Structures are given as structure tokens and as C-alpha cells.
Amino acid sequence: MATEGSVLQLPQRLPWYSPTRLRNLGTLIFKEYPVVWLTILFLVLVFPALTADFTAPHDPLKQQLSKRLTPPVWDQGNPDKPGTWTNILGTDKQGRDILSRIMHGSRISLMVSLSALAIGGTIGTTLGLVSGYFGRWVDHLIMRVVDTFLALPLILMALVIVAVFGPSFYTAIGVISVLLWSRYTRQIRAEVLSIKALDFVARARVAGCSNLRIIVKHVFPNVVNTLIVLATLQVGTVILLEATLSFLGAGIPRPNPAWGVMVADGRDHIASAWWIAVMPGLAIMFVVLSMNMMGDWLRDKLDPKLRQV
Amino acid sequence: MEQDVLLRATDLTKYFPVTKGLVLQKIIGWVQAVDHINFTIRRGETLALVGESGCGKTTTAKLILRLERPTTGQISLENSDVHQMEGEELKQYHTDVQAVFQDPWSSLSPRMRVRDIISEALVVNQKVTKVEAYDRVDYLLTQVGLRTQQSTLYPHEFSGGQRQRLALAAALVGNPKLICLDEPVSALDVSIQAQIINLLKDLQESFGVGYLLVAHNLATVRYLANEVAVMYLGEIVEQAETNELYDNTLHPYTKALFSAALTANPDSQREEIILRGEVPSPINPPSGCRFHVRCPYAMDICSQEIPVRKEMAPGHFVNCHLY
Amino acid sequence: MTTQSEVYQEPEKNIGDVVLDVKDLRTYLYTRWGITKAVDGLNFQVREGETLGIVGESGCGKSMTALTLLRLAPKPAARIVSGEIWLDGENILERPENEMRFVRGQKISMILQDPMTSLNPVFTVGNQMVEALGMYYQEEQQRGLRERAVDILRRMGVAAPERRVHDFPHQMSGGMKQRVVGAMAIAGTPRVLICDEPTTALDVTIQAQYLRLLKQVQAESGVSIIFITHDMGVVAKMCDRVLVMYAGRVVEQGEIRTLFKNPSHPYTKALMASVPSMEEKHVDKLYSIEGQPPALFDLPVGCRFANRCEFVTDKCLEAYPSSFSDDQGHTADCWLLEGQSEWHKVAEAAV
């Protein structure tokens, strides 16, 4: 490192190719404005979820046994079944188009994750607010329940619940919500505990506000940031959970094109027809990765405690 | 004289239990935060509580604000017991007694607009329309030296001194009779402190509000208070009209406290008393006079008997065996 | 322990040669709002055994000055863009970064405001002191270091230091912790000790104890103290000379008595007038400076106090004032002093 000399004059602007500016450019694209992650999310998740009915090249449920196990378009290795532009990402063993199935699957992923987040988040946040604000035995009671839930083996629990209620779209949402709420409760409660100690809450009590008013008007608005960050980070987890459940046959029932179901279907053919499992797997990976990156970015933006100079 | 009394604290005591064990929560001791204190605040005047951290001055303010319940003793506002109030009477109390806290950065709800923060006590306790409430906000903003256009901003858009002005405006919204000021200027810069001190004084004159001033800066106290009570380990050890107390300190602790306060005068020839040791734990305070372990004039009797309150001059009370 | 306060005598002051000489020091922070000129052209000297006060409001650059003197200004945002810091005949800005640890602690050392954050909560006080001392006395054994630690704690007025070294920080009161922090700061026998608001977190009676202690330590060791504070009372009590900082620059400096008796910069005057006195009955209205200090990343061209100054002239708005000095080393940057007989210009403003 150079010493800080007595007359060190700094240029006003560094040239564009300097490592600092290149690094800043990287920071700008990935961190300051997460263009890349947003693009991936839009292309893989949001756009297909909204428009799959018009834009998907094929019906996701239509079977064409003559076309079964067509590889993706760039795979021309097998002279009997070369990849074709009709089925860009190939077909599965019933001859259904994988691209179309992934596009329709994104809708299921999005709906399951959003509904589960909404339900689990609402329950979890409410309990967290109550637990943190009132303290004492209310807090003890709620937190012990939370601890119990966090100690349960998630997947096994889900399998049991599904075994009782039978697999369906709504069961999947229900199961995931039940598994999610405890995390919100924990995080929100911790936040509330520190907010509760601040003077503005004391001031509200002096002004004669009811507990409900204090929670709704003074405490809740201050945990919204945490909530947004938490929810974004959880979308990835939820999609993974939904995929896992579907993979195990406890999630979305066949023949719906859920990503997890698709991976499960491809399992038997992984040696001969790798694309059946890998393509939906990549979709899951991209979405979860982007969501987590978005979550990190949001946390940096919204959480003043982590904000840098 | 008697009808001038706004608030009276009688035998006010607050002990906090110290517990041990997770399940049984056995009480192993009591923090004697406030111990049998008596004082009155007169209408439109200022009583200051001074003392070091842990002496119970903030707990006293919290008892008045109903943020804590007293263990024994009572506080009465205009002859009705504060901690027995219910319904309409309580709503009236919540507009009559307000607070301004030390830290202007944490005392304003960060996600509310200024006008909603200021009008809150009014909206919650009285039937007012939004228009009436916001009119009142505009009036108060001009009174505390801010502009009415600022009423739709959020607190983070203000500086520390301005935030303390907002806190004052919020406290004044329901034409209160008493405002508890908990170290209202000590978190501010020196040049801003003077602005707020002047403002406090002006507002007291124009609104006729009484102050309970909790502070450790004796110069600020002298400037603002009509009467001063010195607290040590939960007890009031000396109490007098401000100028009387500053000219004639009697209790050894008061003397030490006043001598430790520094003045902006390098040639100050004041006698310097430096106490030994630190404030003992309020869990097991010393027997007799609580100050005797640090007192330079301690006698045998001091460790055995609790000194009684004596009136040395009109209105000048002291709890000490020396007198 | 006796309960009587002993008769106290102010220790003798022996002020020697210049130990620390700071020339045109500038530390800028490169933030997203622009360049924040936290320290903008600082010149001062500290003599051996002397206490120099730096007073100013929050954000005037006094704490950044302290960090710069130790070369601890937060990187990469902060850069020392110019200046020299001559400590004991050596410009420490020319030292490579990895050798700074021989300077910190042994030549220049610091006590911070908050004793809670200066000590590591998971180690005993003794272990932390032994680790610090190990830096300075590398040949010495663990046992010898522990004895030294006890010795230094005793010098900092810690009662029963043999037992206290086994305590964890949370077992101590704030005043006691600040004594331990002080002990660690003087352990390397530094030439200069920077105290950044060391008593703001303490109660007044504990503050009085601590200030007396610092004076005693100074009398024994001849260490020079740079005392950073916003409290005029502490300055009056502790310092021999004072710098008054405003918006990154020193606006006035001088010997303590002249400065308090005859403040010459309008900011200093206003600052002194706005502190209420506890020795007088209250006056009608306190003098108060209206407005706010300027933002350090958006400074005016002229005098930085101009927007709050009641004597402001056109010249003040156009150019930063030159430094004027009288014969006793009392210096102030203000155009009002231009042309007055006892004041002569010593330097053009270099902004």
C-alpha cells in the first residue's frame, strides 16, 4: 500500500478502465440496481406466469407419443431423434413440450409461493407483533409454539399433513403456510422488542393511545422493511419447498406442470434423457438465486443498520 | 397557595423486584428506585429533579406519566389520584400531562407525518375533526418556530434541534397542564441547547404550563426551574427554591454535586469536593443515611439513623444529621 | 478505605518542547453525496505536558481530527489528502501502514467516549491489558505483564486492582471501565494522549474524579493531552490552550484565559454566551445562535459561519477570512479583526 504522503493530490475522476471504476460498474449492475436478477425473474417467473396461455408454444398437457423424448434443439447427437425447433427444450416421455410445461409451471410456483407467503406472513407477523409487544406469558406461550414448529422436521410434517388431506393445490399452500409462519414470528418479535424500547412508543402511551393503536400505527410501520426483505428471501425457500413436496408426490398432483413434478418425472430417465429433469431444475435454480440476491439487495437498501456511508 | 398546587406526590415509592431462576422467579431483592418521596408542582411553574444516573429521577417522571405504577404512595393531579383514573377522566389526563424525552432521534415515530405525530394526543382523546386538529398543528408549529408547510414532512427530514421543537409542539397539542421534560436538551449541541431552553421558557409563559424537569446539567436547571429537588439513591435529600438552593447548598451531597459541575470559567475559585467511590447499588442501599459511605462529614449516627426532613429556611428542606 | 476526601493540590504543570506539530491537515470523506471536508486545513502544535482542547459542535470535524492523528480514519471513504503530522520529529504520515502499530499506543494513544464499546466483553480486564502490554514489552513474560497491568490500574485509581484484573467489563461500573480504558491507553507510555469526550458518558461526580485523575497522570508522566469535547466547562477545567473548530476548520485558537476572557471570533463569542451559567441568577433570555452549521459537503465560498453571524459583511460571503493573530499567540480567522491595531495578519486563508 502506498503511504499517504504529504502532498497527495487526487484526480477528480478516474479513467473508465481503472479497476475501481470497473468494480463500481459491477456494483452498479449487481448491487446498486439489480438489473440482472430482475431480468431473470421477469423472464423465468413473472412473464410466463402471466402470459403462458398465449405465449407457450404448445399445450402443456397435450401428449404426442410420436415425439416422445425429443432432445433440446442444440442436441443433434442422436440421428434417430435430433432436436427440433418445434420443441426447443425437448419433450418428456409422454411427448409433452418441456418449455411449455416450464412456462405454465412458473404460474403454479408463483401462485403457491405468493399465497403461502401471504397467509404464513400474516399469521406470523401478527403473532410476532403480539408476542413482542405484550411480552410476559403471551410471549412465552407464542415463542414456545414457535420453537416447537422450528424443531419439527419440515418435510416429514408436510408428508403427514398431505397424507391426511390428500394432495391438491390448496393443501400445498396450506402446508407451506403452516411451515412458514414461525420464521416471521421470530424475526418480527425480535424487531418489536427493540422498537418497543424506543421513546416514541413511550410518547404514544403518554398520549393515551390504546395498545392496538400503538401496534398498528407506531410499531407495525417500522417492521415493514424487515417484512419485505424477509418475504423476498422466503420466496426462494417456498419455491424450493413446493418443488420438494411435488417431487415427493405430496405437492401439486399430476398432470399439472409443477416444476418439482417435472424433476421427479425426469428422475428415471436422467441417464438417457437428462433434459427432462435438468430444464425445470435450472428454472428453479435461476429463480431461487435471483430471489435471494434481490432479498440481499432489498435488505441493503431498506435496513438502515446495514446501510453504508 | 394550596389551590396553586397542580400535582402532588405523597410518599411515592417504586421498587422493582430482582428475580432469580427461570421457573420459580424467586425474588432475591428489590431495586429501591424511588423511596418515599414527597413533592408538589405548582401551576405554571417548574420543578427540577437533579441527581446522577440511577438516582430515581427518571422513574419519578415515569410514575407521573403512568408508564409505571407506584409500589406505594400516590400522585394526585388537582386532587384526583392519577393511578385510579378511568374512562373520561383518564382521557383528560392523557391530554393534560405530556412528555418530552431526551433523544430527539428516537422520540418521534419515524413512519408518521409530523402533523399526525403532533395531533395524536388530540385525536386519540378528544372528538375533533381532522381539520380542527391540523389547524391546531399549524398554530403550534409557528409557536415552536417552524413553518406550517413542514407539517406534511417526516421526522427524518429535521435536525436534532428541530425534532425537539416538534416534540414540544406535540406535547402542547391538548393545552396541557404539565409537561415532563426528561433531559430535554442534553442530546443537543451547545448552540442548539440555548435555542430550546429559550423556547421552553417562552412556551411556559404563553401556555401557562407546568414543567417537571429531569436534568443533570445544573446550569440549565438554574435557568429554567423555580424549585429544585436533589435526589440521591431514590430519595430527595434537599429541596428548595432555585436561587436559595444555588446560593446556599446544605446537604453534603448537594455540595459535592454542585462543586463537580464545571463552569466555563478557567479562573473559577469554587471549592472543589471530590467524592470517593461510586453510587452504591440501589438493591441494598446503605443503612441510615444512604449517602454516609461517601460523605466527607459522616458521623456515627449517620450509619444508624435515617435523617428526618428539616426546614432550614422557608421552603428549604434538607435530610441530614448535620443540621 | 477512608471516607474523608483528602486535601487536594493541583499538580504543577511543566510544559516543555513541541511534541506534535500538525501542518495543513486535510481529511476528506468521499461519500455518495460528494466530498465531505471533515478536516479542512488544520494547523496546531502541542507541547510536552500541555493539554490542548478542541471544542466544537457535532459534525465540526473534531472526532475525525482525532482519528486522522492516529491514521484510523475510516477507509476507503476517508482520505488524508494533504498535510503533515510531525510527532517526535517524525512525519507519521510517511510511515507505511503496517508500521503504524508501533506508533499507535506507544507514541500516540486514545481514550474514546464510550467505555462500553472500547472493551471486549468476553475477556477479563486483565487479559485484555496483558495483550495490549505484550505489544510494548515483547521480551517480558506473562507474569511480569500481569504485574505491570495491576500497576497501571493502580495508577489509574482503580481500587484493589489485584482483584479487579479478574473481572469482566460488565462487572464494572461505567466510571471504572473508563479507568481501565485509560489505563490501557497510557500503558505504552505514549507522548500524546487523545481523549475524545472521555467523560460525556459519566456522571458529574465521577467525571470530576476522572478529570482529576487525568491531571495527575499527566503530572507524573509528562504526557501531552489533546482533549476533545463540546463542554466549555470541561475545557476551562482541563486545558492550557484551546482550538475552536467550526465546519472542519479552526476558527480561533489561543491560551485558555485569553480565549475565555476575550473571545474574538463571533462563533466563539456566541458559543460562550449561549452556555447558561450556574453561578448567576437567571437573565431574561439566553443568547442563542440561530440556524444550523453548513453541510460539510456543500460549503459556502466565504466564511463558513457567515450565515449565522450577526456581524456578517459582504466580504465574509465572498472570501474565507485570513488568520489574524495578536502577540500572545491568540489567533482567529475573521475579517472583523482586519485593520485592528493589536491584530496582525499571519496567513492568507488556504481553502
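Remember, it's a predicted structure, so these values are computed and weren't measured experimentally.
A heavy-atom distance below 4.5 Å is not found between the side chains of A:Phe200 and B:Pro155. Contact annotation: the side chain of B:Val100 never approaches that of A:Arg203 to less than 4.5 Å [non-hydrogen atoms, C-beta and beyond].
A:Asp199 CG to B:Ser109 OG: the interatomic distance, rounded to the nearest 0.5 Å, is 11.5 Å.
Within residues 208-224 of chain A, the residues that have a heavy atom under 4.5 Å from a heavy atom of chain B are A:Gly208, A:Cys209, A:Arg213, A:Lys217, A:His218, A:Pro221, A:Asn222, listed by number.
Taking B:Phe16 as the reference, B:Lys14, B:Val31, B:Ala33, B:Thr59, B:Glu68 meet the side-chain contact (heavy atoms from CB on, under 4.5 Å) condition, with sequence neighbours excluded. With sequence neighbours excluded, the residues forming a ring-ring contact (aromatic ring centres under 6.0 Å, His included) with A:Phe47 are A:Phe42, listed by chain and number. By the side-chain contact (heavy atoms from CB on, under 4.5 Å) test, B:Glu88 pairs with B:Lys91, sequence neighbours left out.
Among all heavy-atom pairs drawn from B:Glu120 and A:Ala204, the shortest one is OE1-CB, 4.4 Å.
Heavy atoms from other residues, nucleotides or ligands lying under 6.0 Å from CZ of A:Phe286 number 12 at most. Residue A:Arg144 qualifies as enclosed at atom CZ: its count of foreign heavy atoms under 6.0 Å is above 12.
Neither the backbone nor the side chain of B:Leu122 comes within less than 4.5 Å of any heavy atom of chain A. Residue B:Asn125 touches chain A through its side chain alone, counting heavy-atom pairs closer than 4.5 Å.
Of the candidates B:Val97, B:Ile64, B:Ile179, B:Leu67, B:Leu67 is the only one forming a side-chain contact (heavy atoms from CB on, under 4.5 Å) with A:Val206.
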